[in-house]
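A short worksheet on the structure shown next.
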Amino acid sequence: LTDFREFKEGEYYLKNSIKILEQHTKNIQSECLTYRVLGALYLQTNQLNKAEQIFKGLIDKLHELKDTNLICSNLLYYSTLIKQRGDTLRTLEMSQKAINLIQKQNNFHSLIATKRTHGLNLADAKKYKEAAGLFKAVVKADPKCIDARLGEAEALGLSGNHPAAIKALT
């Protein structure tokens, strides 16, 4: 989004899509995904109260549906919102909660993505050693995950362990 007009247009189309989904389909997952995109739009434009209302509502609704993958993705978006507000402890609680939920599923890629996001939250909280350990676990599970290698190296470098940071990149 480069200007307010583009934001308003995106918001308009998302809200209309939600109305259509609510009125003419019974596909609650599609409705929830569209709401999540609207919440992400509000998050990107720093309309945190609107985004929070959407993410909280979605998390509650998705618990009723028992849709673990969507719950986790919304918990991660919500953790980003909380991080923007400066609440480090709650940010970590939300992303850890997402890990705990997704570990119960047999979805390797979602688990890796969730752990990567939690690692970023740990690093932002200046818990560099924990972040490096989590990124290292992600790399072990998925050696091709470049983001995790970079995250591990950055966390190790920030913790002062420069030789290990260099090794993580090789």
Side-chain angles (χ1 to χ4, degrees), residues 1-105 107-127 131 134-135 138 142 145-151 154-155:
L1 299 173
T2 56
D3 65 26
F4 185 73
R5 186 179 48 81
E6 287 180 5
F7 158 75
K8 285 308 246 181
E9 187 175 339
E11 181 186 41
Y12 171 80
Y13 285 116
L14 287 167
K15 284 182 172 182
N16 279 333
S17 295
I18 290 167
K19 281 182 190 174
I20 291 167
L21 287 165
E22 288 174 342
Q23 292 171 358
H24 300 290
T25 72
K26 298 293 181 210
N27 190 336
I28 295 174
Q29 276 80 8
S30 292
E31 182 183 322
C32 289
L33 285 169
T34 307
Y35 266 113
R36 186 182 75 193
V37 172
L38 181 60
L41 176 69
Y42 289 141
L43 188 61
Q44 280 298 117
T45 55
N46 207 30
Q47 296 182 64
L48 301 184
N49 291 335
K50 287 182 177 182
E52 181 175 31
Q53 184 179 7
I54 288 173
F55 294 133
K56 279 183 166 182
L58 283 172
I59 290 165
D60 291 343
K61 186 177 219 170
L62 292 165
H63 273 292
E64 292 172 16
L65 296 174
K66 298 181 175 147
D67 191 325
T68 302
N69 284 327
L70 285 176
I71 293 168
C72 289
S73 66
N74 281 286
L75 284 169
L76 294 176
Y77 274 103
Y78 192 39
S79 77
T80 301
L81 181 146
I82 294 167
K83 184 173 21 178
Q84 285 185 11
R85 288 189 169 151
D87 191 341
T88 304
L89 182 61
R90 280 191 62 221
T91 298
L92 295 175
E93 287 173 358
M94 284 293 143
S95 56
Q96 182 63 56
K97 186 175 181 180
I99 288 175
N100 295 343
L101 281 171
I102 203 69
Q103 283 177 328
K104 297 174 185 174
Q105 300 294 305
N107 189 328
F108 176 77
H109 297 290
S110 291
L111 177 61
I112 295 301
T114 302
K115 283 185 173 183
R116 193 172 53 84
T117 300
H118 186 59
L120 293 170
N121 288 341
L122 286 166
D124 288 343
K126 298 185 182 1
K127 295 182 179 241
L134 189 59
F135 284 125
V138 170
D142 184 5
C145 186
I146 301 300
D147 287 346
R149 285 189 184 279
L150 292 172
E154 183 178 11

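Looking only at side-chain heavy atoms (C-beta outward), L76 and S95 come within less than 4.5 Å of each other. Using a 4.5 Å heavy-atom threshold, the side chains of E52 and R85 count as touching. Taking the side chain as every heavy atom from C-beta outward, Q84 and N46 approach each other to under 4.5 Å. The shortest distance between side-chain heavy atoms of K61 and C32 falls below 4.5 Å. In this structure, K127 and L92 have side chains that are in contact, with non-hydrogen atoms separated by less than 4.5 Å.
Here CG of L120 is found 6.0 Å from NZ of K83. Values are rounded to the nearest 0.5 Å. Rounding to the nearest 0.5 angstrom, the gap separating the NZ atom in K50 from the OG1 atom in T45 is 8.0 Å. From D60, atom CG reaches atom CD1 of I71 across 9.5 Å, with rounding to the nearest 0.5 Å. Taking CG from L38 and CG from L43, the interatomic distance works out to 11.5 Å, rounded to the nearest 0.5 Å. Here the CG-CG distance, from L62 to L101, works out to 11.0 Å after rounding to the nearest 0.5 Å. In this structure, K15 NZ and T34 OG1 are separated by 14.0 Å, a value rounded to the nearest 0.5 Å.
Within 6.0 Å of atom CD in E154, 12 or fewer heavy atoms from other residues, nucleotides or ligands are found, so the atom counts as exposed in its surroundings. Enclosure of atom OH in Y13 is not indicated, since only 12 or fewer non-hydrogen atoms of other residues, nucleotides or ligands lie within 6.0 angstrom. More than 12 heavy atoms of other residues, nucleotides or ligands shown are found within 6.0 angstrom of NE2 on H24.
Qualifying salt bridge (Lys or Arg N to Asp or Glu O under 4.0 Å) partners for K19, counting only residues two or more places apart in sequence or in other chains: none. Taking Q29 as the reference, N27, L65, D67, L70 meet the side chain to side chain contact (heavy atoms under 4.5 Å, CB included) condition, with sequence neighbours excluded. Partners of D147 by salt bridge (Lys or Arg N to Asp or Glu O under 4.0 Å), not counting sequence neighbours, listed by chain and number: R116.
Counting only residues at least two apart or in different chains, salt bridge (charged side-chain N to carboxylate O under 4.0 Å, His left out) contacts with residues 68-79 are absent. Contacts classified as ring pair (Phe, Tyr, Trp, His ring centres under 6.0 Å) and involving residues 68-91 (residues at least two apart or in different chains) are given here: F55-Y77. Applying the salt bridge (charged side-chain N to carboxylate O under 4.0 Å, His left out) test to residues at least two apart or on different chains, none of the pairs has a partner in residues 36-46.
Residues C72 and A98 approach most closely at SG-O, 3.2 Å, considering heavy atoms. Considering every non-hydrogen atom in both L134 and H118, the closest pair reads CD2-CD2, 3.5 Å. The shortest non-hydrogen separation linking A123 to A131 is N-CB, 3.7 Å. Nearest heavy atom pair, residue L111 against residue I102, reads CD1-CG2, 3.5 Å. Listed here is the closest heavy atom pair of A148 and V138: CB-CG1, 3.5 Å. Among all heavy-atom pairs drawn from N74 and I59, the shortest one is CB-CG1, 3.9 Å.
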With side-chain contact (heavy atoms from CB on, under 4.5 Å) as the criterion, how do E93 and I82 come out once you've worked through the C-alpha distance, each side chain's angles and the decisive distance to 0.1 Å? CA-CA 10 Å; E93 287 173 358; I82 294 167; over 6 Å; no

Give the intermediate values and the outcome of side chain to side chain donor-acceptor pair (under 3.5 Å) for residues Q96 and N100. CA-CA 6 Å; Q96 182 63 56; N100 295 343; 2.9 Å; yes

Could you go step by step and tell me if Q53 and N49 meet the side-chain contact (heavy atoms from CB on, under 4.5 Å) rule? CA-CA 6 Å; Q53 184 179 7; N49 291 335; over 6 Å; no

I would like to know whether E11 and Y42 meet side chain to side chain donor-acceptor pair (under 3.5 Å); could you show each step before the answer? CA-CA 9 Å; E11 181 186 41; Y42 289 141; 2.6 Å; yes

